[in-house]
Amino acid sequence: MAERVTDFFGSDVFNDAVMKERLPEATYKALKKTMENGEELDPQIADVVAAAIKDWAIEKGATHYTHWFQPMTGITAEKHDAFITPADEGKVLLEFSGKELIKGEPDASSFPSGGLRATCEARGYTTWDCTSPAFVKEDAAGVTLCIPTAFCSYTGEALDKKTPLLRSMEAIDREATRILKLFGHDEVTNVSCSVGPEQEYFLIDRDKYLQREDLIFTGRTLFGAKPPKGSEMDDHYFGALKERVAAYMKELNYELWKLGVLAKTQHNEAAPAQHELAPIYSTANISVDHNQLVMEVMKKVAKRHNLECLLHEKPFKHLHGSGKHNNWSIVTNTGKNLLSPGKHPNENLEFLLFITAVIKAVDEHATLLRYSASNPGNDHRLGGHEAPPAIISIFLGEQLEDIVRQIIETGEAKDCKQKVYMNIGVHTLPEIRKDATDRNRTSPFAFTGNKFEFRMLGSSMSVAGPNTILNTIIADTLSQFSDELERVPAAEFETALKKLLQRELTAHERIIFNGDGYSEEWTKEAERRGLPNEASIVGATKALLYDKTIEVFTKHKVFSRVELEARAEMNYENYAKTINIEAKTMLDMVRRMYIPAVISYATEVANSINSVRAAVPTANFSVQEKLLTRISELLAETENAKERLREARQACLVIKDAKKKAEAYRENVVPAMEALRVPVDALEKIVDKKFWPVPTYGDLVFEV
Ligand code: ADP
Ligand code: MG
């Protein structure tokens with residue numbers, strides 16, 4: 001670890017420098033063309049690339065290769081194949097062909113497919129995504145060459161998160177390049193989107209983790225009383241790192257840097273034991289791959305420190321949940337960020353057009369976006385208090401909001417609020433310029449200077465889904481704008497454009513909200529504005545099958561109708577399965593841990609009454625008696641609530657239709673689970689700690 005970061009950064013990646021060094025010039029150029037301009041890959045060069053990658057990987061100690069893909073589970077999948085092929089004299093050769101690089105056929109029939117793939121017709125293919133670099137992964141299995149791939153069915157339907165993302169990147173590339181032509185930007189041949197996902201996580205002691213079946217089976221605690229202290233002192237947020245956590249972060253960075261992940265920022269987050277890592281942004285698909293690696297390496301390194309990394313959105317009730325902020329912008333191949341306002345945003349019609357495209361897209365597809373940030377875990381956050389609300393709105397900041405208002409009122413923005421110098425009141429401090437806009441932490445979708453920050457995402461999710469949706473809906477509004485503006489003669493372009501901006505901003509002004517997104521008034525105001533407010537993933541999933549969704553996604557060839565239907569189906573199935581596991585875990589813990597522990601303690605209290613009475617018949621037992629009565633009451637309540645949960649779950653098991661099943665879990669099982677934890681959490685507060693069968697919240701989050 002004594003080496004310099006610049007020496008080992010990306011050392012496990014078959015990156016541009018390695019390619020340049022190891023590939024014949026013509027092959028290198030051809031590959032780069034495919035990577036940068038999206039041109040089709042010549043199969044002939046695949047053999048050459050495969051041989052070079054193999055040599056490089058073997059020098060790194062690799063024995064196996066794998067097509068690394070991202071099925072609908074939201075995590076990554078790999079099946080390892082050794083490089084060996086039989087040779088003469090009972091020996092082996094190490095081989096890896098272009099065909100093996102480009103295409104794989106992992107049987108992989110057990111992944112969720114939403115009916116796209118019956119097990120009997122199990123063919124699924126992985127295809128090399130050469131726009132994301134190959135890398136080697138080192139673990140107890142040795143060294144494995146990982147080739148990022150897309151995963152689709154025999155009939156070409158996407159079975160993964162990567163394929164639609166790549167398709168959506170093509171859509172926004174095409175539509176943004178097209179509209180830029182109207183501004184005379186013929187030099188722009190390619191537009192891509194940048195993504196920077198900020199990742200929150202919890203770190204807890206692994207020995208304690210292993211004592212909690214709920215954490216092991218579901219990733220979150222299903223029971224647990226509120227500890228005396230939470231985050232009200234704000235002393236953990238940005239606090240100095242504990243030694244053990246610091247050592248963890250150091251090793252995490254080292255591992256990520258070797259993999260070429262631009263891990264940049266690290267700090268303690270709001271809740272005790274909660275932390276964050278943010279990378280420097282990169283192109284969407286690379287960012288998606290890297291975020292998967294970040295989550296995987298976070299978990300792996302934690303175990304080496306006898307820690308457990310929790311990526312669940314709400315591991316602890318009463319404490320902050322974990323999310324992921326998805327920072328998103330669009331950049332041209334000439335290096336221009338199309339969301340960058342410049343000095344005079346009010347006069348920057350091109351910028352205003354892109355901003356308007358985002359505003360329109362987000363308003364028209366609000367529920368779909370909310371769906372894109374949903375998973376069963378995130379249901380505990382969205383609409384809760386600390387997280388962004390379930391209502392989608394856009395925060396533009398003072399400067400931009402003022403410009404929008406001027407355009408709506410007069411058809412153009414004559415002036416704009418400028419950055420000013422700040423007076424801190426201390427002469428020795430350097431004068432700094434304020435940003436044109438303050439922040440708003442409560443907004444789910446905020447413009448932050450030169451990018452939009454979509455803050456609804458759950459911490460454990462792949463960021464592929466939300467970016468696929470964002471790219472596509474914005475590509476579509478851009479496409480509509482082009483359709484309209486391309487018909488206008490050049491001399492009238494500016495007037496037509498201003499008219500379009502005024503019309504669209506007026507139509508979609510309702511989605512703009514700069515106030516407190518957590519407040520109750522906002523919920524009412526949003527309802528008055530007609531903004532959707534979907535409290536749950538189950539309700540939000542229907543947006544996948546709205547007519548407008550099907551129209552937009554088929555038009556831009558990101559999802560076919562069948563693929564959308566499959567995704568809705570998978571979402572409902574996944575929800576039902578998740579809640580079912582949680583319910584079973586609760587029942588199990590109540591039966592085998594909590595009830596027996598409470599009975600033991602109650603017996604001890606009863607014995608104490610009997611022994612004291614025998615020794616001093618006149619003694620006062622009121623404390624013991626009161627305690628025993630209360631414990632017995634709560635125990636009976638626990639038993640009742642347990643039976644109600646058992647019945648609710650049983651009733652769900654027989655439902656066949658995926659949507660109805662998910663709704664039944666949501667409506668009947670989730671409340672029964674909430675009800676069951678109430679008496680158990682109350683017992684935790686009065687039962688002797690010696691008897692309590694699991695570590696408490698206090699034990700878990702304060703003693704890391
Ligand atoms: P914060 O959200 O705390 O203000 P930053 O603004 O520094 O933090 O950035 C947060 C994340 O946004 C980082 O991952 C950063 O790389 C990413 N980011 C910064 N600029 C862009 C951009 N133009 N496009 C996409 N992501 C960006
Ligand atoms: Mg942020």
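Start at 1 and go down the list; that is how both ligands and their atoms are numbered. By convention here, the first residue in the shown sequence is residue 1.
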Please work out whether the ring planes of Y248 and H305 are parallel, tilted or perpendicular, with thresholds of 30° and 60°.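 Plane angle over 60°, so perpendicular.
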For E453, is the nearest heavy atom under 4.0 Å from an atom of ligand 1? yes
Assess T448 for proximity to ligand 1: is some non-hydrogen atom of it under 4.0 Å away? no
So which of V136, D12, V13 actually passes side chain to side chain contact (heavy atoms under 4.5 Å, CB included) with K258?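 Among V136, D12, V13, the one meeting side chain to side chain contact (heavy atoms under 4.5 Å, CB included) with K258 is D12.
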For S132, which of H290, K162, M35 qualifies under side chain to side chain contact (heavy atoms under 4.5 Å, CB included)?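 By the side chain to side chain contact (heavy atoms under 4.5 Å, CB included) criterion, S132 pairs with just one of H290, K162, M35: K162.
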If you count the atoms of ligand 1 from 1 in the order shown, which ones are under 4.0 Å from a heavy atom of [X]?
| X | answer |
| --- | --- |
| E198 | 2 (O), 10 (C), 11 (C) |
| I280 | 16 (O) |
| P279 | 13 (C), 14 (O), 15 (C), 16 (O) |
| N337 | 23 (N) |

Show every donor-acceptor pair shorter than 3.5 Å between a side-chain atom in residues 188-196 and any protein atom, with sequence neighbours excluded, or say none if there are none.
| residue | atom | partner | partner atom | Å |
| --- | --- | --- | --- | --- |
| T189 | OG1 | N333 | ND2 | 2.8 |
| N190 | ND2 | E36 | O | 3.0 |

Would you say K451 and ligand 1 have an N/O pair spaced under 3.5 Å apart? yes
Sequence neighbours excluded, every pair satisfying salt bridge (charged side-chain N to carboxylate O under 4.0 Å, His left out) that has a member inside residues 456-470: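 Residue pairs passing salt bridge (charged side-chain N to carboxylate O under 4.0 Å, His left out), neighbours aside: none found.
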For ligand 1, the portion of L339 having any non-hydrogen atom under 4.0 Å away: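 Looking at L339 and ligand 1, no heavy atom falls under 4.0 Å.
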Just by modelled atom types, is the R370 backbone N or O under 3.5 Å from a matching donor or acceptor in the S374 side chain?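 Between the backbone of R370 and the side chain of S374 there is a qualifying donor-acceptor contact (under 3.5 Å).
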